[in-house]
Amino acid sequence: MKFLRINHNLIIMMLVILLTVSVALSGANALAGEKVTLTDLGGRQITLEVPVKSIVLAGSSGSGNPFFTLFALLGDDAANIIVGMDQGLSRNRHWIWQKYLDRYPKLATIPDVGKPSDLNIEKIIALKPDVVMATANSYKSGKEAFDTLEKVGIPVVLNDYHSETLDAHLKSMELIGKVVGRPERTKELTDFYKTQCAVVEDRLAKASLAKPRVYVELGRDPKENANTYNKIMWGLLIPRAKGNNIAKGLLKGYGPISPEYVLKANPQVVVLTGANWAGKPNSLQLGYFAKQAEAQKRLRGFLSRPGWDRIEAVKNRRVYGIHHVLSREIWDFYPLQCFAKWFYPKLFKDLKPLDAFKEFHEKFLGVEYSGTWAVELD
């Protein structure tokens, strides 16, 4: 074991020397960027030259990583600036990845650098990125690897969409915008996001309404008692939309709760989250390639669960579906608006969440809107 550890360190040392020499040679004729010190969403001060020309995305590429933000800020150039990333998006978000792959075939050639708990340090060093970007959560699970990268001179910058607060989202967008040197585009993005959130939060702040009891479940299969959420993902969006989460206090983060408890809690609103998951043919499939009629059919399949005919949400046909990846991202204003409209239909009768989501695609994302991302009982 001692020999292997020494050998590993020698490999890293050799790569560092090669990287240093390469940077020195290539940088001689390069136009120097502006050296700045930034505070990332982990509260860490990072010094680097901006705008960066190459980025490695290390961890959570399918949920909270800067992937979508880079396309919102850089447009087509985002496909060129990403020189390495994890497989979270390609492995777990099939339809989203396929949509981007159809538009940007070059994404298929981006090297896999592993997940935070098992980062391929040697490969990242060999890629010579200007910066490695990761989520604050990813940093915790791969801190030793990230520390090694920083020791060899590769800056690591953390964003945080996982907290799902307005402040953390805006700071993350602004941070990424500074890294890639797009201040004007960043302001357009943050202004849009703030406006879409304010549509909900300003109106809710002025209203005095009884909070509906809400149950959110991962819609993997009508016969499977799957995860619900407390202080993570949907468990953070429910209170933002002024809903009363029936799972509050039952879980630290996520996990299943008993079907008996759900029946006893008698939720007034039920939301199933869906996506195209491998090995889950009966899931509530939503996303870029989902059809409305098929999505409604799959949503109705969950209503046949034992005892659900007695739930208030089912009796009043207040059962909905939404794409699972819409939380923890720059587009979570869309599920926030959907929740507000579903929780308080009279207060938000005029709200059209899908129009805002389509506009967001048109203005900021590199791909066109398509498919079905949210569904209601017909």
Side-chain angles (χ1 to χ4, degrees), residues 63-64 66-73 75 93 95-96 99-100 103 161 163-174 176-177 184-207 214 216 233-234 236-243 269 271-275 286-290 292 295-296 318 320-376:
S63 55
F67 182 89
F68 302 113
T69 311
L70 290 175
F71 277 94
L73 297 177
R93 316 302 186 200
W95 281 353
I96 295 177
K99 185 76 172 183
Y100 274 87
R103 176 68 177 80
Y161 290 122
S163 295
E164 294 185 78
T165 65
L166 179 64
D167 183 61
H169 267 58
L170 294 176
K171 286 182 178 178
S172 293
M173 295 176 201
E174 290 165 355
I176 298 167
E184 293 181 2
R185 184 64 170 169
T186 300
K187 188 177 187 308
E188 291 177 20
L189 179 63
T190 54
D191 284 350
F192 185 92
Y193 183 79
K194 283 189 290 186
T195 298
Q196 298 306 322
C197 290
V199 169
V200 169
E201 293 174 334
D202 289 355
R203 199 177 301 188
L204 285 174
K206 298 174 184 177
V214 179
V216 174
M233 295 184 68
W234 304 104
L236 294 172
L237 276 181
I238 293 172
R240 278 186 69 184
K242 301 299 182 182
V269 177
V271 180
L272 286 306
T273 70
L286 296 169
Y288 282 119
F289 301 103
Q292 179 71 213
Q296 288 178 341
R318 297 180 69 185
Y320 309 94
I322 198 156
H323 196 290
H324 188 64
V325 187
L326 287 171
S327 68
R328 302 187 295 178
E329 269 297 348
I330 58 171
W331 49 27
D332 70 357
F333 66 85
Y334 176 53
L336 178 65
Q337 290 187 4
C338 288
F339 276 20
K341 192 174 182 72
W342 295 341
F343 296 175
Y344 304 101
K346 291 183 179 179
L347 182 62
F348 292 98
K349 185 178 180 179
D350 61 322
L351 186 61
K352 297 179 180 179
L354 183 56
D355 286 354
F357 195 42
K358 288 180 177 179
E359 183 182 357
F360 185 70
H361 273 78
E362 182 179 343
K363 287 184 175 180
F364 296 105
L365 296 183
V367 298
E368 293 182 356
Y369 175 85
S370 65
T372 298
W373 291 72
V375 63
E376 306 177 8

Salt bridge (Lys or Arg N to Asp or Glu O under 4.0 Å) against [X], all qualifying residues, sequence neighbours excluded:
X      : value
Lys171 : Asp167
Asp202 : none
Asp355 : none
Lys363 : Glu359

Rounded distance [0.5 Å steps], NE2 in His324 versus CG in Leu286
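Here the interatomic distance stands at 11.5 Å.
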How long is the gap from CG on Leu236 to CZ on Arg328, to the nearest 0.5 Å?
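One finds 10.0 Å between CG of Leu236 and CZ of Arg328.
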Beyond-backbone contact of [X] with [Y], side-chain heavy atoms, under 4.5 angstrom:
X      : Y      : result
Val200 : Phe333 : no
Phe348 : Pro353 : no
Glu201 : Leu336 : yes
Ile330 : Phe67  : no
Arg103 : Glu368 : no
Leu326 : Thr273 : no
Lys242 : Leu347 : no

Verify, without hydrogens or angle tests, whether Tyr288 (side chain) and Val367 (backbone) share a donor-acceptor contact under 3.5 angstrom.
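Looks like no, no N/O pair under 3.5 Å.
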Within the distance-only criterion (no hydrogens, no angle test), does the side chain of Thr372 pair as donor or acceptor with the backbone N or O of Gln292 below 3.5 angstrom?
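Pair found, side chain donor or acceptor close to backbone of Gln292.
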Residues that [X] engages under side chain to side chain contact (heavy atoms under 4.5 Å, CB included), provided they are two or more places apart:
X      : answer
Val325 : Arg93, Ile96, His323
Thr195 : none
Val269 : Pro212, Val214, Val271, Arg318, Tyr320, Phe343
Ala374 : Ile322, Tyr334, Cys338, Trp342

Run the numbers on Thr69 and Phe364 for side-chain contact (heavy atoms from CB on, under 4.5 Å), then give the verdict.
CA-CA 9 Å; Thr69 311; Phe364 296 105; over 6 Å; no
How far apart are the closest heavy atoms of [X] and [Y], and which atoms are they?
X      : Y      : result
Gly366 : Phe71  : N-CB, 4.3 Å
Thr186 : Glu174 : CG2-CA, 3.7 Å
Gly64  : Glu329 : N-OE2, 2.9 Å
Pro66  : Ile176 : CB-CD1, 3.7 Å

What pairs meet the salt bridge (Lys or Arg N to Asp or Glu O under 4.0 Å) rule with one or both residues in residues 339-353, with sequence neighbours excluded?
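Passing the test, one end in residues 339-353: Arg203-Asp350.
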Contact list for residues 184-199, test salt bridge (Lys or Arg N to Asp or Glu O under 4.0 Å), sequence neighbours left out:
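Listed once each, the pairs are Arg185-Glu188, Lys187-Asp191, Asp191-Lys194.
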For Trp331 and Phe68, take the angle between the two ring planes, folded into 0 to 90°, and tell me which bin it lands in: parallel under 30, tilted 30 to 60, perpendicular over 60.
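Answer is tilted, since the angle falls between 30° and 60°.
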How are the rings of Trp373 and Tyr369 set to each other: parallel, tilted or perpendicular (split at 30° and 60°)?
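Rings of Trp373 and Tyr369: tilted, as their planes differ by 30° to 60°.
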Using the test side chain to side chain donor-acceptor pair (under 3.5 Å), find all partners of Gln196 that sit at least two apart in sequence or belong to another chain.
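Checked Gln196 against side chain to side chain donor-acceptor pair (under 3.5 Å); matches are Gln337.
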If you count the non-hydrogen atoms of other residues, nucleotides and ligands that lie under 6.0 Å from NZ in Lys99, is the total more than 12?
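Yes, the 6.0 Å shell around NZ holds more than 12 heavy atoms from other groups.
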List the steps and the verdict of side-chain contact (heavy atoms from CB on, under 4.5 Å) for Asp332 and Tyr193.
CA-CA 9 Å; Asp332 70 357; Tyr193 183 79; 2.7 Å; yes
Ring pair (Phe, Tyr, Trp, His ring centres under 6.0 Å) involving Tyr161 - partner list, sequence neighbours excluded:
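Here the qualifying residues are His169.
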